[in-house]
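These notes concern the structure reproduced below.
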There are 2 protein chains.
Amino acid sequence: MILNKTTEYALTVLGFMATRNDNMYSAEYLHQQLNIPRRYLRSLLTDLSKHGFLKSSSGRNGGFVFAQELKEINLALVINKLEGIDAICNCILGFSCCIVDKPCIMHEPWMEARSKMIETLTNTTFADLKEKYQMDLLKNLKLI
Amino acid sequence: MILNKTTEYALTVLGFMATRNDNMYSAEYLHQQLNIPRRYLRSLLTDLSKHGFLKSSSGRNGGFVFAQELKEINLALVINKLEGIDAICNCILGFSCCIVDKPCIMHEPWMEARSKMIETLTNTTFADLKEKYQMDLLKNLKLI
DNA sequence: ATATATTACTATCTTTTTATAGTATTTAAT
DNA sequence: ATTAAATACTATAAAAAGATAGTAATATAT
């Protein structure tokens, strides 16, 4: 009923990068900002690059940038790449009876719950998150 | 984005018990029917008893029975007891900024997705599953 | 009373996930 | 060219989750 740590980290990093206005972030900087274990974060960033969400540049002043438009990347896409929304057995039950013709009793409510969640995650892009973040910033400025 | 194995096993067992018409099931029998590892299933059944979903009787002819009315137990309750829907950090992000006053950017979409799912799971009781199962049985009988 | 079928408890093993370490490679500033 | 700041690769360690094993306790049928 939860995301695993790796996925959480990924969403955290991408969310952070999407909402700030720099375009290039070093692993070291992200580590310091987000408290994600340094080495683990590095390999995660490499993975995110391999998955096509980011692109990396090596060497001095290197780092990671989004490889796609923010509006093209939604939460479900990221989760799917990292832990596989689909890879997982579609049915919550291992009942062998749960096949297309004759789904198991748990099939329907689970599919319903699951698809609603996926729908929301699919409809939320990092562009949406950025917009929301900017709005929040504005609101806070007004308060001061 | 998934349930862990233990929770899946629990739902499988309870679903099986709820839809059949016997009231007492031995761990051994359930193991044979459901292919859940024998020993692991036993301790899971013990846990489910401790959580109050089942009650156990030792000795010859012993086994496990529901300790509550089927309509009193819904999917969310079981998941919650086993892996904690609530225990988990409410926010998908570890951002320290994500507190009641100032939730993080991911907070809203995640909460929305999550609460829709929980709603469906909460609205599905084992009595519902039993009913559905009986209906399905009837349909199949007609076909023959 | 005894034997048998069952759950209960505690410890250990295995697998997966998460985290770390060392070294190599890349690239820009100097 | 050299140095420094960065990513990339591979291997290993630690922690958590899943699974197994042995033995004790319980209770019913006979």
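This structure is a prediction, so every number in the text was calculated from the model and none was measured. Just so we're on the same page: letters track the sequence lines, and every chain starts at 1.
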**Report entry** Out of D:dA8, C:dA29, D:dA21, whichever nucleotide has its closest atom nearest the side chain of B:R39
**Finding:** D:dA21
Report summary line: Between A:F64 and B:P37, whichever has its closest DNA chain D nucleotide further toward 5' is A:F64
Requested in this report: Could you check which of C:dA29, D:dT28, D:dG18 has an atom nearest any side-chain atom of A:N61?
Outcome: C:dA29
Query raised in the report: Quick one: does A:L75's side chain get under 4.5 Å of A:F126's, heavy atoms only?
Result: yes
Query raised in the report: When you measure from the side chain of B:S56, which nucleotide among C:dT18, D:dT7, C:dA8 comes out closest?
Result: C:dA8
Query raised in the report: Are A:L44 and A:Y29 in one and the same hydrophobic cluster, where Ile, Leu, Val, Met, Phe, Trp and Tyr link if side-chain heavy atoms are under 4.5 Å apart?
Result: yes
**Report entry** A:R42 side chain, from C-beta outward: closest of C:dA8, D:dT7, D:dA19
**Finding:** D:dT7
Query raised in the report: Can you find a heavy atom in the side chain of B:I36 that is under 4.5 Å from one in the side chain of B:L30?
Result: no
Query raised in the report: Tell me, do B:S57 and B:F64 make a side-chain contact under 4.5 Å, heavy atoms counted?
Result: no
Query - Toward the 5' end of DNA chain D, by each residue's nearest nucleotide, A:R60 or A:E28 - result: A:R60
Query raised in the report: OP1 or OP2 of C:dC9 sitting under 4.0 Å from any side-chain N/O of B:K50?
Result: yes
Report task. Report yes if at least one side-chain N or O of B:S58 is closer than 4.0 Å to OP1 or OP2 of D:dA25; otherwise report no. Result -> no
Query raised in the report: Whole-Å distance between D:dA19 P and B:H31 NE2?
Result: 13 Å
